[in-house]
Amino acid sequence: MQTRTTHFMHSERHLIHAIGGALAGCLLLSATGCAAPQLETRVEASRAANPCSRAYKSVSEAQNVVAGHNPRLMRFLAATAADSQWTEVAAACPQRFAQGTIHAAQAQHLAHMLAPAVGGTYSEPAAATHRGGLDGRTQLHAGTKVLLAAVLAEDRAGFAAEVLAARGVSNATLALSDDHKATASRLFSLASAAGNIKDPRQKVYSVKQLLANQDTIIDAATGLRVPTMAAIEIDCAREEITGIDGQDSQSTQGTQITQGSQHMQQSQGSSASSPTDDSASIDGLRTLSLLAASRMEQAFDFGYPSLDAALFV
C-alpha cells in the first residue's frame, strides 16, 4: 500500500511540474507564440475593415482565372468582373492607382476580345466617364494638381486627334477630338470649383512629331513603334495616371509607370498600401481611374500592346 501511494505521489508531482513548466513557457512567450492566434485574428479583422484590403481580396480570384489557362467563357466572365474590381483597387489604394487602372483596362480589353467568341456582350464601364459621366457632376474630390494634369492631357490628345483627322489618319476622328476637348473642359470646370486657377490648356501644341509620324511613331516609354493614334491615347492615360501617382509620391517619372508589384501574392502581402478610407476620396479616384482606363483601352483598340511588359515600364 505504501509503495502504491509513494508511486502515485511521485507521478502527481511530475505531472504538476510538467503543467507548471508549460504554463511558465506560455507566459514567457506570451508576446509571441501564445498571443499569435489572437494577434493574427486582430490583424485579419483590421484588414477586413480596410477598403484597400477588401478590394484586393475581391479581385484576386477573378485575376487568377483571367491569367490562367482556362476556357474562354471562364476568362470572359472573370474579365467582366475584374475590370470593376481593379478599379476599386485603384480607388481605395492610392499607391496602387497605376496598377489597378492598368489591370482594369486590360480586363476591359480582354472582355471585348472574348465577347464575340463566347456569344456574349460587354459594355465598357469606363465609357460612362467620358463627357457624359463628368457632365452630371458638380464636384470631384481630387487635388487641383491632379485635375489640371488630366485637363492638359485631354486637351493635348484632343488637339493631336484633330490634326491627324484632318489628314485622314486611321482611327483619328473629329468626334474623338471633341470628346477629349469636352472632357478637358469639364475637368477644368471641376478644378475651378476650388477657386481661381490658371488654365493649363495651350489649345495649340507642337505638330512637328505628328506630321513626321502620322501613321506610326516610336513610343517614348517603351521604344516600340506603334500606331500614332494608339500612342496619343496611351500618352493621355499615362499622364493622368502619373498625375495621381505624383500626388501620392509614387516613383514615376515622365510618362513611365512602375508597377511596384506585379504579382497578386506580393500585392496581398502588402495589404495596407496607403488605403483611402474617405468615401469622397475613393469616389474621386474611381472616376479618374475609369477615365484613364478608358483612354488606355482605346489605345489597345488602336493597336497598342496590352501586355504588362509594354505597360509597366
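What you are looking at is a predicted structure, and each value in this text was computed from that prediction instead of being measured.
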**Student:** Pair Tyr304, Asp235 - check side chain to side chain donor-acceptor pair (under 3.5 Å), show working.
**Tutor:** CA-CA 11 Å; Tyr304 195 88; Asp235 282 346; over 6 Å; no
**Student:** Holding to salt bridge (charged side-chain N to carboxylate O under 4.0 Å, His left out), I want the full list of residues that pass it with Asp199, two or more places apart in sequence or in another chain.
**Tutor:**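 Expected list: Arg201.
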**Student:** With side chain to side chain donor-acceptor pair (under 3.5 Å) as the criterion, how do Ser289 and Arg286 come out once you've worked through the C-alpha distance, each side chain's angles and the decisive distance to 0.1 Å?
**Tutor:** CA-CA 5 Å; Ser289 177; Arg286 182 186 298 114; over 6 Å; no
**Student:** With salt bridge (Lys or Arg N to Asp or Glu O under 4.0 Å) as the test, would you mind laying out the steps for Arg295 and Asp179 before giving the verdict?
**Tutor:** CA-CA 11 Å; Arg295 300 311 190 193; Asp179 180 68; 2.9 Å; yes
**Student:** Flag the pair His103 / Phe312 as yes when their ring centroid distance falls below 6.0 Å, and as no otherwise.
**Tutor:**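 Aromatic pair counts; centres sit under 6.0 Å.
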**Student:** Using side-chain heavy atoms (C-beta onward) and a distance below 4.5 Å, is Phe188 in contact with Leu148?
**Tutor:**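 A side-chain contact exists here, since the closest heavy-atom pair is under 4.5 Å.
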**Student:** Would you call Lys181-Glu162 a salt bridge at under 4.0 Å N-O?
**Tutor:**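 Yes, this pair counts.
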**Student:** Would the distance check show the side chain of Thr228 and the main-chain N or O of Asn213 forming a donor-acceptor pair, the cut-off being under 3.5 Å?
**Tutor:**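 Indeed, once roles are kept as given, a pair shorter than 3.5 Å links the two residues.
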**Student:** Could you tell me which non-hydrogen atom of Cys93 sits nearest to which non-hydrogen atom of Tyr56, and how far apart they are?
**Tutor:**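 Nearest pair, atom of Cys93 first, then Tyr56: SG-CE1, 4.0 Å.
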**Student:** Working note: Arg156 + Glu239, criterion salt bridge (Lys or Arg N to Asp or Glu O under 4.0 Å); need CA distance, chi angles, decisive distance, verdict.
**Tutor:** CA-CA 11 Å; Arg156 184 186 289 115; Glu239 287 183 52; 2.7 Å; yes
**Student:** Could you tell me whether the side chains of Asp308 and Gln106 share a donor-acceptor contact shorter than 3.5 Å?
**Tutor:**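 Their side chains do contain a donor-acceptor pair, which is all the 3.5 Å distance test asks for.
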**Student:** I'd like to know if Asp215 pairs up with Arg225 as an ion pair, taking the criterion as any Lys NZ or Arg NE/NH1/NH2 lying under 4.0 Å from an Asp or Glu carboxylate oxygen.
**Tutor:**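 Salt bridge between Asp215 and Arg225, a charged N being under 4.0 Å from a carboxylate O: no.
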**Student:** For Leu164 and Leu210, run side-chain contact (heavy atoms from CB on, under 4.5 Å): C-alpha distance rounded to whole Å, both residues' side-chain angles, the deciding distance at 0.1 Å, then the answer.
**Tutor:** CA-CA 8 Å; Leu164 295 183; Leu210 283 177; 4.1 Å; yes
**Student:** Output yes when a side-chain donor or acceptor of Asp83 lies under 3.5 Å from a complementary backbone atom of Ala104, and no otherwise.
**Tutor:**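 No, the answer is negative, given that no donor and acceptor are paired below the 3.5 Å cut-off.
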**Student:** What verdict does the side chain to side chain donor-acceptor pair (under 3.5 Å) test give for Trp86 and Gln63, after you've listed the backbone C-alpha separation in whole Å, the side-chain angles of each residue and the deciding distance to 0.1 Å?
**Tutor:** CA-CA 9 Å; Trp86 274 118; Gln63 184 64 19; 2.8 Å; yes
**Student:** Decide side-chain contact (heavy atoms from CB on, under 4.5 Å) for Leu291 and Leu187; before the verdict, give the C-alpha distance in whole Å, the side-chain angles of both, and the deciding distance to 0.1 Å.
**Tutor:** CA-CA 11 Å; Leu291 176 60; Leu187 286 169; 3.9 Å; yes
